[in-house]
Amino acid sequence: MPSAELTLGLRNLYIIPSRFGALWLATTALLLLVAIQTTSNSTLLLAFVMLALMLLAMFLTHDTLQGLALRCGEPAPSFAAESATYPLLIETRHRRPPLRLRFRKVPESAFVQLSAGITLVGLSWKPEQRGWQQPPQLQIETIAPLGLFICWTRWHPPKQQLIWPRRRPGPVQEKHPPRWRDGLDEWQDLRPVREGERPAVVDWAGVAKGRPLQAKVFSVPEDVDRILEPAPGVSTEQAMEHLADRIWTLQKRGERYGLRLPSTSLPPMRGLQHRNACLEALATE
Amino acid sequence: MNRLARQRFLQPGTFAWLAIPPLLLQCLALNWSAALTWPTYGLVICALLKLWRGSKPFDRRLAALLQLLSAGLLASQLQGLLATILQLIAVSAAFAGLLGHELGGMLSLRGLLRRSLQLLLAALPLALVLFLFVPRIAPLWTTELGPRRGAVTGLSSNLDPLSIEQLATVNASAARVSISGVETLPTNGYWRVLVHEQFDGRRWQHRDAAFSRQPNRGLLNESEISQWWVVEPSSTRAVPWDGRSKPAAKDQWVTSEGELMVGAASRQKRSFRLSKGTDPMGWQRRPPFKSERKQPPASLPRLNELGGRFRSLPTNQERLVAVERWFKSQPFRYSLTPGSMTDLDNFLFESQVGFCGHYASALAAVMRSADVPARVVSGYLGGRQIDPITGTHYLELRQSDAHAWVEVWLEGSGWQQVDPSLWADRNVLDNVNQGQQQTFNSWSDQANWSFGEWIQGQWWGLDMAWTRWWLGLDQASQQAWFQAVLGRQQRWLGLLVVLACMASLSLGLVMVQLRLGSRQPLEQSLRLLADLGVTPMPGETFSELCQRAATAHPDRSRLLSAMAHHHQVLTHALLTAHQRREHLHQWWRSQRELASAKR
């Protein structure tokens with residue numbers, strides 16, 4: 001059962017000599033041999049100092065991680081097959097040497113140098129599936145201060161991250177429902193009337209008041225409602241991906257759209273909240 | 001307080017580069033023909049290349065390790081005081097370089113140096129426990145890791161004075177000896193090195209004993225050590241000694257000719273100790289070999305004729321006295337520029353001018369032709385006493401102190417030393433050579449020293465003291481003090497080592513932790529506030545905490561708000577280094593005042 005908070009200590013930290021540590025130990029052994037063969041006190045003392053440093057480094061490397069408290073932040077939604085950032089809060093009572101955080105089986109890692117207090121670290125990973133996803137196992141490791149030992153712990157961050165379907169352009173079924181359009185009076189600006197202008201956009205009221213013939217300018221010139229539906233004959237996953245891409249594009253163009261899925265249906269609206277609601281519906285469908 | 005994670009910043013390896021010059025300097029002092037020299041050169045060059053060209057983090061680590069390894073190899077070859085200081089600098093710098101690389105710009109250069117020295121000091125208790133308590137073992141196999149060739153000045157195993165028209169006097173140091181329990185050092189002593197027993201009519205040759213270790217079983221207590229020697233590189237394995245002292249270590253032995261051998265290779269600086277000896281040594285009682293009785297060849301008719309005259313005398317002693325009388329009756333002159341001579345007949349009966357080599361060769365040859373076993377010994381005579389202000393006084397032998405004399409076999413008393421150079425007339429010396437005479441050296445008078453010589457004398461005094469102390473910590477002294485401390489309970493040594501290791505490791509950890517904790521001003525402030533009974537609540541900033549504390553303790557509100565202010569400025573403002581220091585200082589002052597107000 002993954003815990004909401006992890007405090008690093010003796011029970012969850014593991015430590016082994018690193019490759020460099022093994023090399024260090026071999027060097028110490030070589031120096032010891034040279035010291036015996038040449039009966040040199042200085043070489044002998046150096047070999048013993050290196051051995052003592054190795055033993056000290058074991059404790060110091062362990063201390064680099066011990067006492068750290070890890071918590072999950074509030075992960076922001078992200079698209080599948082794209083790099084997602086997972087927030088982690090790390091609390092420490094004092095400054096720490098550099099440590100490395102990464103999700104297992106993810107090539108990218110973050111090197112962090114913590115100062116006293118709480119530090120927010122964003123770790124990237126690449127989710128493949130849509131829906132509420134749990135990131136892979138987290139690995140925190142350090143070799144500081146001497147690189148002789150590697151100390152690490154692994155933890156499953158419990159908080160799930162919402163992953164929207166992957167964005168992939170493709171066919172989407174659009175329906176334009178009849179819409180009672182008001183707001184023709186809610187024009188934003190006036191411009192000179194062009195040839196063949198629709199009479200509906202002419203500012204007749206202004207003409208009546210003695211102003212020249214002008215056309216009304218509306219903020220959304222082609223204000224058409226669409227209801228997006230999965231295209232027929234396409235697999236559900238692919239349809240979701242196409243819908244996600246279409247929603248993203250429409251939102252960018254500032255258009256109104258609604259979504260109708262087998263289990264949910266969202267009326268046509270605009271705005272980020274609407275987009276997120278739609279994408280969440282796609283993710284959890 | 002939150003700070004975004006940042007990429008690790010690779011600090012330029014300032015300290016790693018600092019380790020290179022001391023290593024290179026020591027490389028210059030190495031002898032090219034030593035077995036360990038070339039691996040050492042290779043390691044230093046590898047470290048240099050790794051530092052220069054290495055781009056991966058592992059390369060930097062490897063460079064530090066290579067530096068440490070080469071410092072260790074250098075330490076096994078160069079053991080003087082200067083070399084040890086350079087090795088210490090190289091090791092500290094290499095370690096600081098490694099630490100700087102791993103901590104990735106977390107500390108300033110000064111902080112880094114402090115931290116690395118702190119870690120080294122923390123490792124020292126455990127290292128010293130291992131160094132002192134872990135029983136030393138003798139070399140696992142017999143190797144000559146030292147150099148076999150190399151340019152050295154000094155005594156030669158081939159004594160051929162007739163080929164030398166002018167004796168070059170080299171003023172380089174040959175050896176230094178410090179003798180315990182003696183106020184005035186013997187500046188007219190004979191220090192024997194090589195025995196030349198083979199005579200071919202012209203040269204006296206030293207027969208090099210095959211390299212065979214004759215382990216010296218009797219290890220002695222520290223208190224019996226009477227002489228500490230430092231011998232400069234020479235071409236001979238034999239080292240100077242007085243012929244009476246006893247070897248004190250397992251790798252020293254005395255040959256049947258009376259040469260002292262030490263295990264270390266001759267082409268590097270050697271240091272060894274001797275203990276006081278009283279009884280005549282075995283070599284003095286050893287009857288002459290056949291080679292030591294061999295008559296001079298017939299190519300020296302006049303010399304053989306002279307020797308033949310003394311054969312009629314009954315004892316070797318009487319023959320020696322007669323030969324001495326003959327020498328003193330002749331107008332022999334001592335000179336370092338005798339000119340060329342064809343053979344010993346030419347020296348004895350025509351030119352009658354020569355230096356110690358001529359006299360020793362001639363006397364030994366005459367004695368042999370008189371049927372008295374004889375051989376030539378080369379070594380050093382005299383030396384000067386140096387009283388450094390820093391350490392114990394010592395006797396310095398220079399190459400110009402080189403001397404040759406004769407040993408003859410006298411029934412009843414064994415091999416006896418005879419110096420025929422003393423029989424020559426010294427009053428008619430060449431003016432040129434007056435300053436270089438072995439027995440009457442002008443530079444044994446301290447008033448004649450130059451400032452450079454004085455400095456060198458002082459330095460060698462320090463070096464001698466260091467050598468005495470550092471080389472004294474060897475297997476023999478370790479066993480002596482085990483005996484003194486544990487007595488018969490030596491079976492508990494293993495347990496003692498383990499316990500001492502654990503204790504020293506704990507001590508090291510405490511040393512590391514103590515300093516780390518107290519250096520953080522915020523932590524100190526929080527501890528101070530906790531002592532006042534104010535602990536941070538979730539989500540509370542340091543300023544809010546200080547405000548809350550000021551409400552609870554209005555009498556200290558000024559100090560508390562000052563602390564909060566300095567923390568705010570240090571955390572958020574863009575400051576120059578000077579301003580930063582100033583604010584830190586003010587923060588420390590507020591803390592100190594708060595702590596004293598609390599008391």
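Chain letters run A, B, ... following the sequence lines, proteins first and then strands; every chain starts at 1.
Here the side chains of A:L53 and B:L120 are in contact, with some heavy-atom distance below 4.5 Å. Put simply, the side chain of B:L505 does not reach to within 4.5 Å of the side chain of A:M58, judged on heavy atoms.
Contact of B:L124 with chain A is made through the side chain alone, with heavy-atom distances under 4.5 Å. In this structure, the portion of A:L33 lying under 4.5 Å from any heavy atom of chain B is its side chain and not its backbone. Looking at B:L526, there are no atoms closer than 4.5 Å to chain A (heavy atoms on both sides), in backbone or side chain. Contacts between A:M54 and chain B at a heavy-atom distance below 4.5 Å are absent for every atom of the residue. Looking at A:L51, the atoms closer than 4.5 Å to chain B (heavy atoms on both sides) all sit in the side chain, from C-beta outward.
Other residues, nucleotides and ligands place no more than 12 heavy atoms under 6.0 Å from the NZ atom of A:K126. Taking a 6.0 Å sphere around CZ of A:R19, one finds it holds 12 or fewer heavy atoms contributed by other residues, nucleotides or ligands.
Under the 3.5 Å distance criterion, the side-chain polar atoms of A:S40 are matched with a main-chain donor or acceptor of B:A75. The backbone N or O of B:G72 lies less than 3.5 Å from a partner atom in the side chain of A:T43, making a donor-acceptor pair.
Listed options B:L68, B:V129, B:L73 were ranked by heavy-atom pairs under 4.5 angstrom with chain A; first place goes to B:L68. With chain B as partner, the option from A:N41, A:V49, A:I36 having the largest number of non-hydrogen pairs under 4.5 angstrom is A:N41.
For residues 60-81 of chain A, a heavy-atom distance under 4.5 Å to chain B picks out A:L60, A:D63, given by residue number. Among the residues in residues 100-107 of chain A, none has a non-hydrogen atom closer than 4.5 angstrom to a non-hydrogen atom of chain B.
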Stepwise side chain to side chain contact (heavy atoms under 4.5 Å, CB included) check, B:R61 with A:I143: CA-CA 12 Å; B:R61 277 175 220 147; A:I143 52 168; 3.1 Å; yes
Could you give me the CA-CA distance, side-chain angles and deciding distance for A:L56 and B:M511, then say whether side chain to side chain contact (heavy atoms under 4.5 Å, CB included) is met? CA-CA 11 Å; A:L56 266 184; B:M511 279 164 76; over 6 Å; no
Run A:Q113 and B:L103 through side chain to side chain contact (heavy atoms under 4.5 Å, CB included) and show every step you take. CA-CA 9 Å; A:Q113 246 179 39; B:L103 294 184; 5.8 Å; no
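Residue pairs meeting the salt bridge (charged side-chain N to carboxylate O under 4.0 Å, His left out) criterion with at least one partner in residues 128-140 of chain A, sequence neighbours excluded, are A:R130-A:E237.
Between the CG atom of B:L119 and the CG atom of A:L146 there is a distance of 6.0 Å, given to the nearest 0.5 Å. Atom CG in B:L128 sits 6.0 Å away from atom CG in A:L45 (nearest 0.5 Å). For the atom pair OG (B:S506) and CZ (A:F59), the distance works out to 7.5 Å, reported to the nearest 0.5 Å. For the atom pair CZ of A:F20 and CD of B:E102, the computed distance is 7.0 Å after rounding to the nearest 0.5 Å. To the nearest 0.5 Å, the span separating CD1 on B:I137 from CD on A:Q37 amounts to 8.5 Å. Summarising the geometry, atom OG belonging to A:S42 is positioned 12.0 Å from atom CD belonging to B:Q77; distances are rounded to the nearest 0.5 Å.
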Cut-off 3.5 Å, no hydrogens considered: what does the side-chain donor-acceptor table look like for residues 25-32 of chain A, sequence neighbours left out?
residue: A:T27; atom: OG1; partner: A:L23; partner atom: O; Å: 2.7
residue: A:T28; atom: OG1; partner: A:W24; partner atom: O; Å: 2.8

